[in-house]
Amino acid sequence: MSDLDEVIYKADQFIENCEFEEACNLLRQHMSPPKYEVLRRLANSLYSLVREWYRTDKKRADKLILEGYDISSKLLEVSPNASPSHKYYAIFLGEKAGISGPKQQIMSLVNVLSHIKTANQLDPLDPFVWYLEGGFYEKLLCLHWFEKKFVYTLNKELVRPTYDDALRCLLKAEEIKPNFFYYNQYLIGKIYFDQKEFDTAKPYLLKLANLRILRTDDDKRAKEEAEKMLANM
């Protein structure tokens with residue numbers, strides 16, 4: 001096993017165990033010269049850390065976002081024809097724009113969706129890319145009417161999705177890899193709940209509410225939100 005293979009093996013073990021800080025610390029030591037397999041795992045681990053910290057330590061999350069944007073930009077340079085390159089660039093482009101302010105975030109939407117769709121075209125069997133597209137549509141759909149007016153005034157070419165568009169993507173992700181990401185199931189349940197299709201929403205929400213093993217902050221949030229919706233049925 002080469003030195004790089006050993007690094008990759010150790011990083012994968014950390015990621016599998018949700019030890020993202022340890023994975024980042026290891027991978028940061030092997031960034032020069034830039035290598036796809038290192039940068040891809042580092043981008044993934046940084047994004048996981050952002051999602052762990054954004055609710056409790058925004059300054060720390062913002063710092064990780066800026067690092068993630070730099071890493072994902074390098075990843076896109078190194079491997080422009082790889083789906084993960086576009087996936088992580090889309091993620092961190094949107095996150096970085098969010099730090100810069102609402103207008104900058106809105107102006108980035110078309111570019112973010114373009115990279116998500118490119119990632120999907122390059123690897124249509126990556127469930128997380130389907131989740132990203134469905135989640136993107138769901139956020140647009142949840143905007144207030146005046147927010148939508150502002151968004152579409154600045155982005156005349158931006159897609160106007162329906163709830164069916166969002167569900168199509170999120171359900172496709174589950175079809176490809178069931179239970180891969182509990183937050184994906186939460187969004188499915190939420191959309192059905194918001195559409196007052198409570199009988200369809202309930203199985204998704206009950207499954208999340210009954211979770212006992214919660215590995216990440218996303219798992220905890222999915223469970224918490226599902227419990228709230230079930231209480232309001």
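All values reported here derive from a predicted model rather than from experimental measurement.
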Please say yes or no: joined through hydrophobic side-chain contacts below 4.5 Å, possibly via intermediate residues, are Tyr88 and Ile8 part of one cluster?
yes
message: For Tyr69 and Tyr89, I'd like to know if the aromatic rings sit close, meaning centre-to-centre distance below 6.0 Å.
response: yes
Considering only NZ, NE, NH1 and NH2 on the basic side and carboxylate oxygens on the acidic side, decide whether Arg55 and Asp217 come within less than 4.0 Å. yes
Charged N-O contact under 4.0 Å between Asp70 and Lys74: yes
Note to self: Please check this pair: side chain of Arg41 against backbone of Glu37, looking for a donor-acceptor N/O pair closer than 3.5 Å.
What the structure shows: yes
For the side chain of Ser108 and the backbone of Gly94, is there at least one donor-acceptor N/O pair under 3.5 Å apart?
no
Pro80 backbone acceptor or donor facing His86 side chain under 3.5 Å: yes
Do Asp165 and Thr162 have side-chain atoms, one donor and one acceptor, less than 3.5 Å apart? yes
- prompt: Are Leu141 and Ile116 grouped together when hydrophobic residues (ILVMFWY) are joined by side-chain heavy atoms under 4.5 angstrom apart?
  reply: yes
Applying a strict under-4.5 Å side-chain criterion to I, L, V, M, F, W and Y, I'd like to know whether Phe180 and Ile191 cluster together.
yes
query = Would a distance-only check, ignoring hydrogens and angles, find a side-chain to backbone donor-acceptor pair under 3.5 Å from Ser100 to Lys96?
reply = yes
Of all heavy-atom pairs linking Ala11 and Leu26, the shortest is N-CD2, 3.7 Å
Checklist entry - Salt bridge check: are Glu22 and Lys10 linked by an N-O gap of less than 4.0 Å? => result no
Are any of the side-chain heavy atoms of Asn120 and Trp130 separated by less than 4.5 Å? yes
Going by an N to O cut-off under 4.0 Å, is there a salt bridge joining Lys190 and Glu138?
-> yes
After noting the C-alpha distance and the side-chain angles of Asp62 and Lys58, does the key distance pass the salt bridge (charged side-chain N to carboxylate O under 4.0 Å, His left out) rule? CA-CA 6 Å; Asp62 287 353; Lys58 188 176 184 304; 2.8 Å; yes
Checklist entry - Between Glu174 and Lys177, is there a side-chain N and carboxylate O pair less than 4.0 Å apart? => result no
Donor-acceptor pair, distance only, cut-off 3.5 Å: does the side chain of Lys35 make one with the backbone of His30?
yes
Less than 6.0 Å separating the ring centroids of Phe181 and Phe128? yes
Q.
Taking Asn210's backbone N and O only, do any of them form a donor-acceptor pair with Arg212's side chain (distance below 3.5 Å, no angle check)?
A. yes
Fill in: Donor-acceptor pair, side chain of Asn155 and main chain of Ile106, under 3.5 angstrom
yes
(Q) Can you tell whether the side chains of Glu67 and Lys63 come within less than 4.0 Å, N to carboxylate O? (A) no
Heavy-atom neighbours of Lys149 NZ exceed 12 at 6.0 Å:
no
query = Ring centroid separation for Phe14 and Phe20, is it under 6.0 angstrom?
reply = no
Open item on the list: Applying salt bridge (charged side-chain N to carboxylate O under 4.0 Å, His left out) to Glu21 and Arg60, what does each step give before you reach the verdict?
Closed with: CA-CA 12 Å; Glu21 196 80 61; Arg60 183 171 185 177; 2.6 Å; yes
message = Below 30° counts as parallel, above 60° as perpendicular, anything between as tilted: where do the rings of Tyr186 and Tyr183 land?
response = tilted
Report yes if some heavy atom in the side chain of Glu95 is under 4.5 Å from a heavy atom in the side chain of Ile99; otherwise report no. no
Close side-chain approach of Leu205 and Met233, heavy atoms under 4.5 Å:
yes
Any donor-acceptor N/O pair, Asn17 side chain to Glu19 backbone, under 3.5 Å
no
| Are Phe150 and Tyr152 linked, directly or through other ILVMFWY residues, by side chains that come within less than 4.5 angstrom of each other? | yes
### Task
Step through the shown structure and confirm whether more than 12 heavy atoms of other residues, nucleotides or ligands are within 6.0 Å of CG on Asn179.
yes
Worksheet entry | Distance under 6.0 Å and angle within 45° of ring axis: Arg168 vs Tyr137 | no
task: Taking the side chain as every heavy atom from C-beta outward, state whether Phe92 and Ser73 have any atom pair closer than 4.5 Å.
output: no
- Message: Taking the side chain as everything from C-beta on, heavy atoms only, tell me whether Asn232 gets closer than 4.5 Å to Phe193.
- Response: yes
Scanning both residues in full, the closest heavy-atom pair of Ser45 with Cys24 reads CB-SG, 3.5 Å
**Prompt:** Got Leu211 and Leu208 here, is their nearest side-chain heavy-atom distance under 4.5 Å?
**Reply:** yes
Point to revise | Flag side-chain contact, heavy atom, 4.5 Å: Ser48 against Thr216 | key: no
Flag the pair Phe198 / Tyr192 as yes when their ring centroid distance falls below 6.0 Å, and as no otherwise.
no
### Query
Does the distance from a Lys or Arg side-chain N to an Asp or Glu carboxylate O, for Arg221 and Glu224, drop under 4.0 Å?
no
Arg28 side chain reached by Leu46 side chain, heavy atoms, under 4.5 Å: yes
